[in-house]
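Only one structure is covered here, and it is reproduced in the block below.
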Protein chains: 2
Amino acid sequence: MTGPITTGTDLARLRELNSLSVVRALRGNPPSTVTELASRTGLSRPSVDLITQILVSEGWATVIEPTGSSVVGRPARRYQFNAAAGYVIGVDVGVHKILGLVADLDGTVVHTVRRQVAPDADPQVRLAALDRAIADCFTKTKLAPDDLWALTVGVTGPVDATGRTTLFTPLPGWSAVDPVAYLTARYPCPVYVENDCKLAAVAERWHGVAQDADDIVYVLAGMRTGAGLILDGTLRRGYGGAAGEIGALRAVRWLTAPSHLENCPGAPETISPDDKAAWVFTTARAGNADAQTAVRRYVRDLAVGAAALVLALDPQVVVLGGGFSRSADLILEPLHRELQRLCLRVPEIRASTLGDESVALGALRLSLDEADQRMLSTGLSALSAARRS
Amino acid sequence: MTGPITTGTDLARLRELNSLSVVRALRGNPPSTVTELASRTGLSRPSVDLITQILVSEGWATVIEPTGSSVVGRPARRYQFNAAAGYVIGVDVGVHKILGLVADLDGTVVHTVRRQVAPDADPQVRLAALDRAIADCFTKTKLAPDDLWALTVGVTGPVDATGRTTLFTPLPGWSAVDPVAYLTARYPCPVYVENDCKLAAVAERWHGVAQDADDIVYVLAGMRTGAGLILDGTLRRGYGGAAGEIGALRAVRWLTAPSHLENCPGAPETISPDDKAAWVFTTARAGNADAQTAVRRYVRDLAVGAAALVLALDPQVVVLGGGFSRSADLILEPLHRELQRLCLRVPEIRASTLGDESVALGALRLSLDEADQRMLSTGLSALSAARRS
DNA sequence: AGAGTTTCGCTACGGTCTTGCTGAAGTCTA
DNA sequence: TAGACTTCAGCAAGACCGTAGCGAAACTCT
């Protein structure tokens, strides 16, 4: 109650806020004239003019001198956000694969790395593969170490505040490693480690099927089952980073739900357990009764946990993601029926369309958020630098 | 992406922000000198001086001229937030009672009304009783209608955005009434209706046992069982206002959990069902095996829903409220054991100490939040008024 | 080539915050 | 009791920011 109040706003901070406002008006838009920016930000033209000049001199924006344009009147100089001022990386460290994405500050992906990893690989082997994937990102895009502004890695299992997965993880031996420490020693930028379901949820809100929603329950349906929560537009981690782990409750049959698919009678013994689910779905689609029963039982078990999350949070949208979301045509409708039976108010249910890149995309988004933070703080230095000149 | 950006900050808004900052530095603190306010807000003394003068001229603050002080140096004039500039009301409309609280803008309760209502009362009777309770608040405190800045009412059952409880409520006939429309027609101030568990959760964070926590699961344990969620310091309503209604899931035995206490063998038939729980708790405390079994079974059922919420949200604290929280000595320890069995990470569990005023207190807090909003918007008019003089 | 239109660059003006200084009102000490 | 010391109140100057408005420049259309 008696603590200091940080809202002490002076003129420098006002300038900072307005600079940020201009940057936001630049980003994600085509090259803009000063007048356009002024109307978008609500600021006056001279203010925007001054700010853009500072932004250009600091390397945040580039000028596009007018070419022969088609409109009447003097053609306006156009400014563009300099997305190449920095780059970010998002990596998905899965059981079978490592997928890395490099993007510029606009979020445009400029490089993709995909590597296979043995499911039973040692943590050291997996870390080394991760390291090589990141190194590949650097060499292929000709990045200097200082060009990387943030690095986010997605792993399976609840991640605590320090980036470790001490409670539980299906990655063998991973609970003993400290990936944040490993990576911060190698790369001179902020490093984050986050749970894969949470990242996939972030991706769905960024570029997926839930861009319009602020309250989202993301359900990862695959050989593992998990959940990620977005409430009020921001990712919920929970006090210990274990939010969404409803599957740990025995009454919720998420741990054993995929076994209905794996143990479906009639499946050929020759195919691997991982491919068995795909076989069940295609066979069920063809009309096989055993396969349809297996799917029904799977959805019934999946729905219990989903219903618990829906009742607890009352989201706007439930997003079905993970490997099984490719068979959403078989899952969505019975899942909706089950939720109608179990819940008070049934939210919209949508199937993910991001495929297996969702976790890496979410990691990218988190890295971009970190980059935004950095832009905000260095925007202040840009101000004071301009003041001296 | 191309929408207008609202962060266009000009000098008037800066002044507004700083005025608000000074108001916040005044509120909840003892009468303060200008120097103290300057250090608290981070602004300079002349700025604070100017703003306080405006605040005093607008009636937001009062001056305390220095009396003979004990410190060295010239004694400072002190400013105090004028909490009597407005009042707010919070009401708990329960099954058995209606409890109303009146408070000034500092949140200091100046009047309390308590009325009994028959559990089976018609909605019209209940509304009329609510109306009389509010009228009593006005007459006893000699308030003018314009002195009331906000009115919040807590009811049982999930409340939608319009303040109605169409999904479900134990108040007979209440799902058909529109309390917001009823009250806005009578009182010239914003009116809010909110779920009782959510309000109780807010109260625990405001004046209760969870003041230090930002992520709270509040469990109402009484003849009814419910939950309220606070995440990141703000109340979670859910997209349709039905967040926390985990009790609707049949696998969670919250609906039937209290029956273990009601149907405890050995209880005298003469006492009412409502008092039976109290009898069971006292008897269990005395060592009766049947009563202890009933309590154990009750806690086991209570824990399933609590575990679902804990696993879903990973809160910092679980607060046990409701009528049964008076018997927390019997509940807390077995509840902790059960959660340890069911959850990945067990949060702290604390028992509420607010008694049966928690819902009304939470309603008061929501009214105060609305009052803060109004202060922010009228603070702008105070600025422009001062500019003209 | 001239008129019309739109943008750019520049200057003046009003508002806000900070810094620095002077006088005022107390307390402490000799 | 008088002087020194401390702290507060008020004023003035300076710096900074955003807004308003004007003339000049550049391009298109007739």
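Lettering of chains follows the sequences in order, A, B, ..., and the numbering in each one begins at 1.
Rounded to an integer number of Å, the gap from Glu16(B) CD to dT16(C) C1' is 15 Å. If you take CG of Leu14(B) and C1' of dC17(D), they are 10 Å apart, rounded to a whole angstrom. Across the protein-nucleic acid pair, Arg78(B) atom CZ and dC8(D) atom P stand 9 Å apart, rounded to whole Å. Rounding to whole angstrom units, CD1 of residue Ile51(A) and P of dC17(D) are separated by 9 Å. Atom-to-atom, CG of Asp49(B) to P of dT19(C) comes out at 16 Å; the value is rounded to the nearest Å. Separating the CG atom of Leu50(B) from the P atom of dG15(C) is a distance of 13 Å, rounded to the nearest angstrom. What separates CZ of Arg45(A) from C1' of dC22(D) is a distance of 11 Å, to the nearest Å.
Among the atoms of the strands shown, only primed sugar atoms or phosphate atoms (P, OP1, OP2) are found under 4.0 Å from some heavy atom of Arg77(A).
The aromatic rings of Trp60(A) and Trp149(A) sit perpendicular, their planes meeting at an angle over 60°, well past the 30° parallel limit.
The distance from the CG atom of Asp106(B) to the CD atom of Gln80(B) is 8.0 Å, given to the nearest 0.5 Å.
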*Check step by step if side chain to side chain contact (heavy atoms under 4.5 Å, CB included) holds for Leu235(A) and Arg205(A).*
CA-CA 10 Å; Leu235(A) 178 65; Arg205(A) 189 177 135 80; over 6 Å; no

*Does the side chain to side chain contact (heavy atoms under 4.5 Å, CB included) test come out yes or no for Leu148(B) and Ile89(B), once each step is laid out?*
CA-CA 8 Å; Leu148(B) 187 66; Ile89(B) 292 182; 3.5 Å; yes

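In this model, no donor atom of one side chain and acceptor atom of the other lie less than 3.5 Å apart for Arg365(B) and Ser367(B).
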Just list the side-chain donor-acceptor pairs under 3.5 Å for residues 43-56 of chain B, sequence neighbours left out, or say none.
{"from": "Ser44(B)", "atom 1": "OG", "to": "Ser47(B)", "atom 2": "OG", "distance (Å)": "3.3"}
{"from": "Asp49(B)", "atom 1": "OD2", "to": "Gln53(B)", "atom 2": "NE2", "distance (Å)": "3.3"}
{"from": "Thr52(B)", "atom 1": "OG1", "to": "Val48(B)", "atom 2": "O", "distance (Å)": "2.9"}
{"from": "Thr52(B)", "atom 1": "OG1", "to": "Asp49(B)", "atom 2": "O", "distance (Å)": "2.6"}

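Here Arg15(B) reaches the OP1 or OP2 of dC17(C): one of its side-chain N or O atoms lies under 4.0 Å away. Neither OP1 nor OP2 of dC17(D) sits under 4.0 Å from any side-chain N or O of Asn18(A). In this model, the phosphate group of dA20(D) is not approached by any side-chain N or O of Ser44(A) to a distance below 4.0 Å at OP1 or OP2.
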Interface polar pairs with nucleotides 4-7 of chain D, N/O, under 3.5 angstrom:
{"from": "dT7(D)", "atom 1": "O2", "to": "Arg74(B)", "atom 2": "N", "distance (Å)": "3.3"}

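Taking all atoms of both residues into account, the shortest heavy-atom contact from Leu105(A) to Ala371(A) is CD2-CB, 3.9 Å.
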